[in-house]
Amino acid sequence: MLGGGGLVAANVYATASESGQSQAGQVLASGAATIDCPDVGSQLTAVPDEAKAEVDKELALLDKQIAEAYQRLQQSTQAIQQDGAFAENSIMNPLKEKRAATIERIAIAVDRVGDRPQGLEAFAACILRASGNQGEQGGDGQNGEQGGEEQQQGDNQDGQGQGEGQDNGQNQDNGQGQGDEQGDQQGGNGGQAGNGPVAADFVDIKSVQPNVQSPRKQGNASRGTFSTACGVNENGLFNSDNVIVAPGVTNGAHHFHDYVGNQGNNAFASDQDLADADTSCENQGDKSSYFWPVIRLQNGAQEQDAGSPGGGIEGNAGEIVTPKQVTMTFVGNPQSKVTEMPKLLRIITGDAKAFVNGTANANASWSCTGFEDRQLKDKYPLCPQGSDVVRTFKFQSCWDGNNIDSANHRTHVAFADANGVCGNGFKAIPQLVQRIVYDIDAPSLNDGGRTTPLFAVDSFPEQLHKPVTDHGDFINVFDEDLMGEMVDCINGGRKCDAADGAGDGDGGGAGEEPGNSPSPTPENPPGGGNNGDDDPADNGNGNGNGGDNGNGGEDTPSPTATAPSGGNNQDDEPADNGAENTQKPSADSTQAPNPADGEDKGNGEAVPKAESSPSAVQSDDAAATGGDDNDLGGAVPGPEPSSASVLEPQATSGGLADTGTQLWPAAAGALLLLAGFVLLRRINSRQT
């Protein structure tokens, strides 16, 4: 009896375990998983100058290793279905070995000229994590192959209407039926190339409550504005480099950037190259470089990079959309006067890896014209007819007074606190506010973008084109005299335009703030918008999440990316962006909502409900981890991913035969148990 009962219990436990493992295997086999690796670069708060070039190249190699591993994961669906251990043995373990060797080279490079960093080896291991995209949209499950195979057929097309049958970069008939079939190829992780976006990445802007607030300006505030016009990248200057993060490395960004301003920016541009380059800015004294990831329509079009790394090969597919309008405005500080930016100062706002890194440095702001008092961080907006998509970036406005860059490209600049004060002895500098407008129709979600295509920002492949990964880059190459005029204008409370000369603006009092005159409003949004003050955050960037966001509108990255109900103060926000938080969202907090939650407009579009869907990123409390302990002076703690987020690859199972083989131990145990009862009754009856 004991033996039979034991067999039954053991088999029930084993069957339950196998069921969970089978589900994990099915997630892997469906392609709805991504690779989550600790961000080594964010840990390097101090790297000697002599080692920076070598360290930067090794960090870029880590990104390349992840991209290649993710690509193999996408292409291994059949192998994973046949062998549940394939992903771990053939993808994740080799990735760990490569990362360990690269991290060791980083430690050696630093050790040659300084103190060897401790604890970096703990960051070699990566995990497989459910993307949250599984089951989002129907389809034939072919989109993973489309990105790897059909996209490569665009090698000879440049996306400018010069390729055969290209038709100005729109849908083309190239014998593959991409334009017609694209709507059916949204299974798995979704998107034209099989790694996003999905319907749950979008939300109706009208369902979002007004959430923009700004700090009130004090008596010594610098109230002026200084605008520079540099075009919309009508020159078509693109590349997948990033000279800030990965200098000297081709395809260091693994996604395409739009460039305006400086026309000489590529991976190999030196400071002198940038100073000598042409500029698209109207005032030739502004040779600064402004760049950001492109937006693409998932319409089957093949651009110039369709068969290239950084493009279609790495999941960045579809027609590149040229902005309708780009404005760059420098604004002042609500507490004090501003000082000049140093030449060649480099600033990155947002985090291109926020989907797996967590939102400590995320700084995305998505909205629609006419609704810019409502900002989204982890969703793309569905804009009503007559309204355009808007991306807004507010850059860090506090500088350490010494460095034009830092090892992790963050700690030399910071956001001001809730009252607009620069802490830690940092100096207030003009804050760059970028507003980029696109003429993009709201995609049709109920048919996977067949009627009106989905759109998405370019990203690292494993980041799945999530909107929270949006980011902007800036290199200051202003002429020193023009920079001086900018500061005088802002401190003097004037509204100035670089094209007209800094002294020709509207004098006296606060100038008109950027973005306060959006395109005609399609309807009157509830809740007003500009809060009655003249802060540039009211241009719709906000990043206030319904409150002061812990920074008073200075756009400190918010730990929550949900579309908030108005009035929720985010007082538990990490105040200083310099602390590199590496908390990772768990699988529970990254689960994307079901598109079935949307309603049918009747015009082919799915409209999300009035209450916003669950966030695709982690919650407030999960994001706010300490960052000071990440200094390389001591041991660096290794990643501790949630067990819920780790996918243990297991062989999938199914069918009646499999069921029979799994249940026979339980059946045998039941028979033994029954035989024991019968034997016990007979013994008892004989004794009586």
Side-chain angles (χ1 to χ4, degrees), residues 24-25 27-41 57-106 120-134 143-145 147-149 151 188-189 191 193-196 240 246 249-255 308-316 352-353 355-357 458-466 469 584 587 590 638-639 641 645-649:
V27 170
L28 281 175
S30 72
T34 193
I35 294 176
D36 185 342
C37 297
D39 187 4
V40 176
K57 289 183 179 180
E58 297 295 348
L59 290 173
L61 181 57
L62 290 174
D63 289 336
K64 181 180 180 182
Q65 291 164 353
I66 298 171
E68 290 174 345
Y70 177 80
Q71 185 177 2
R72 189 168 187 204
L73 181 67
Q74 274 195 310
Q75 296 170 348
S76 301
T77 300
Q78 185 174 358
I80 293 171
Q81 289 173 339
Q82 296 173 350
D83 177 8
F86 179 87
E88 194 67 27
N89 295 336
S90 300
I91 300 176
M92 301 305 292
N93 287 341
L95 175 60
K96 178 181 178 180
E97 293 174 2
K98 292 178 182 179
R99 284 173 58 84
T102 305
I103 290 171
E104 176 63 16
R105 290 195 296 271
I106 291 173
L120 286 184
E121 61 275 4
F123 291 86
C126 303
I127 60 173
L128 286 168
R129 200 183 91 192
S131 67
N133 290 350
Q134 60 267 29
N143 39 291
E145 297 176 4
E149 296 176 10
Q151 288 304 307
N189 271 345
N195 67 337
S240 58
V249 179
T250 301
N251 191 38
H254 295 269
H255 53 263
S308 304
I313 286 180
E314 295 187 88
N316 294 305
K353 302 174 184 177
F355 183 58
V356 299
N357 278 354
D458 263 22
S459 73
F460 285 91
E462 76 280 358
Q463 302 297 317
L464 309 181
H465 303 283
K466 294 299 182 183
T469 65
K584 296 184 181 298
T590 57
S645 69
V646 181
L647 293 178
E648 293 292 344

Check against side-chain contact (heavy atoms from CB on, under 4.5 Å), K353 and C37: CA-CA 10 Å; K353 302 174 184 177; C37 297; over 6 Å; no
Any donor-acceptor N/O pair, N133 side chain to A32 backbone, under 3.5 Å: no
OG on S76 to CD on Q81, rounded to 0.5 Å: 11.0 Å
Per-pair distances, 0.1 Å, donor-acceptor, side chain in residues 91-101, under 3.5 Å, sequence neighbours excluded:
residue : atom : partner : partner atom : Å
N93     : ND2  : E88     : O            : 3.3
R99     : NE   : A124    : O            : 2.9
R99     : NH2  : P38     : O            : 3.1
R99     : NH2  : F123    : O            : 2.7

E68 side, atom CD; I313 side, atom CD1 - distance, nearest 0.5 Å: 11.0 Å
From T34 atom OG1 to Q74 atom CD, the distance as rounded to the nearest 0.5 Å: 8.5 Å
For the student: nearest non-hydrogen atoms of L73 and A33, plus distance: CD2-O, 4.0 Å
Over 12 foreign heavy atoms within 6.0 Å of NZ, K64: no
Value rounded to 0.5 Å, distance of CD in Q71 from CD in E314: 7.0 Å
For P461 against N195, the heavy-atom pair lying closest together: O-ND2, 3.2 Å
Atom pair CG (D36) and OH (Y70), whose distance is rounded to the nearest 0.5 Å: 13.0 Å
Short side-chain to backbone donor-acceptor contact, T102 and E58, under 3.5 Å: no
Between CZ on residue F86 and CZ on residue R72, distance to nearest 0.5 Å: 4.5 Å
For the student: nearest non-hydrogen atoms of N251 and G310, plus distance: OD1-CA, 3.3 Å
Residue pair T469 / F355: nearest heavy atoms and the distance that separates them: CG2-N, 3.8 Å
Heavy-atom pair of closest approach, residues A246 and G252: CB-CA, 3.9 Å
Pairing residues for H254 by the ring pair (Phe, Tyr, Trp, His ring centres under 6.0 Å) criterion, not counting sequence neighbours: F460
Minimum heavy-atom distance between S459 and H465, given as atom pair plus value: OG-N, 3.0 Å
